[in-house]
Amino acid sequence: MITIRAARTTDVREIRNLIDSYSTDGSLLSKATVTIFEDIQEFLVATDGERVIGCGALHVMWEDLAEVRTLAVVPDRAHEGIGSQLLEHLLERARALGTKRVFCLTFRKDFFGHHGFVEIDDAPIGHEVYEQMLQSYDEGVAEFLGLERVKPNTLGNFRMLRETL
């Protein structure tokens, strides 16, 4: 039986292994273990018994905007709907927080498109918010803004957005 729940610090090693399984081919960006610990409250995990079989995170970027990050399912359980379940829980979390839009940067355009995300060209924010977000130290925010220093991380990715309502 698959359960979706908030991640715990004891899940970090399994989340780390899951990220590593997709970062070698560039599907996911690698994350330092310390970063996963720092962001653990953003993560949900899918479990089958005691085994973590999927993960995903929701990072709030602004009052009305959040980003789905690090959505992954162990390869031997792919195509069972686990990623869809995680995404739906993350979208529900976004609604509960009051964010009206959810962004993702992904190679999986079809998957996210199936869930109502549409491709966009630029960061969907005004100049004033852009200037504020430039102050963030978060690399994901830099990728969202399309800053030159992170361009190699975003090559080939699709920028996608969905309304949460």
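This structure is a prediction, so every number in the text was calculated from the model and none was measured. Any value given below was found using the heavy atoms of this structure, including those in side chains, with hydrogens, waters and symmetry copies removed.
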Verify, without hydrogens or angle tests, whether R101 (side chain) and L161 (backbone) share a donor-acceptor contact under 3.5 angstrom. no
How about S21 and V74: do any of their side-chain heavy atoms sit closer than 4.5 Å? no
Between the CD1 atom in I19 and the OG atom in S27, the distance rounded to the nearest 0.5 Å is 12.5 Å
Write down the atom of D76, the atom of R51, and the distance for their closest heavy-atom approach. OD1-NH2, 2.9 Å
Evaluate whether atom CD of Q41 has more than 12 neighbouring non-hydrogen atoms of other residues, nucleotides or ligands under 6.0 angstrom away. yes
Residue pairs passing the salt bridge (Lys or Arg N to Asp or Glu O under 4.0 Å) test where at least one lies in residues 18-33, sequence neighbours excluded: R16-D20
If we ignore hydrogens and angles and just use 3.5 Å, is the side chain of R95 paired with the main-chain N or O of T164 as donor and acceptor? yes
F117 to M160 - nearest heavy-atom pair and separation: O-CE, 3.5 Å
Test item: Y22 side-chain N/O and V73 main-chain N/O as donor-acceptor pair under 3.5 Å: yes
Residue list, salt bridge (Lys or Arg N to Asp or Glu O under 4.0 Å) with R8, at least two apart or on another chain: none
So do R162 and V68 actually touch side chain to side chain, heavy atoms under 4.5 Å? no
To the nearest 0.5 Å, what is the distance between OG1 (T10) and CD (E50)? 9.0 Å
Applying the 4.5 Å side-chain criterion to the ILVMFWY set and letting contacts propagate, would V102 and V118 be lumped into a single cluster? no
With sequence neighbours excluded, what pairs up with D110 under the salt bridge (Lys or Arg N to Asp or Glu O under 4.0 Å) test? none
Looking only at heavy atoms, which two atoms of G54 and L86 are closest? And how far apart? C-CD1, 3.7 Å
Option passing side-chain contact (heavy atoms from CB on, under 4.5 Å) with E38 (candidates I36, I40, V34): V34
Residues that K109 engages under salt bridge (Lys or Arg N to Asp or Glu O under 4.0 Å), provided they are two or more places apart: E119
N/O donor-acceptor pair under 3.5 Å between T99 side chain and A94 backbone: yes
Taking all atoms of both residues into account, what is the closest heavy-atom pair of A6 and D11, and its distance? O-OD2, 4.5 Å
Interatomic distance, CD1@I120 vs CG@L105, rounded to 0.5 Å, equals 9.5 Å
May I have the step-by-step check of side-chain contact (heavy atoms from CB on, under 4.5 Å) for V45 and R5, ending in yes or no? CA-CA 6 Å; V45 292; R5 63 166 171 77; 3.5 Å; yes
Going through the checks in order, is the side-chain contact (heavy atoms from CB on, under 4.5 Å) test met by E14 and I53? CA-CA 9 Å; E14 289 181 274; I53 57 172; over 6 Å; no
Atom CG of L90 and atom CG of L71: how far apart are they, to the nearest 0.5 Å? 6.5 Å
Spatial distance of atom SG (C55) from atom CD1 (I15) [nearest 0.5 Å]: 5.5 Å
Which is it for F111 and L87 under the side-chain contact (heavy atoms from CB on, under 4.5 Å) test, yes or no, and what are the steps along the way? CA-CA 10 Å; F111 172 81; L87 181 57; 3.8 Å; yes
Nearest-0.5 Å distance, OG1 of residue T47 to CD1 of residue I4: 7.5 Å
Identify, with sequence neighbours excluded, every residue that meets side-chain contact (heavy atoms from CB on, under 4.5 Å) alongside A57. E42, F43, R69
Can you sort out the partners of R93 under salt bridge (Lys or Arg N to Asp or Glu O under 4.0 Å), two or more places apart, ordered by chain and number? none
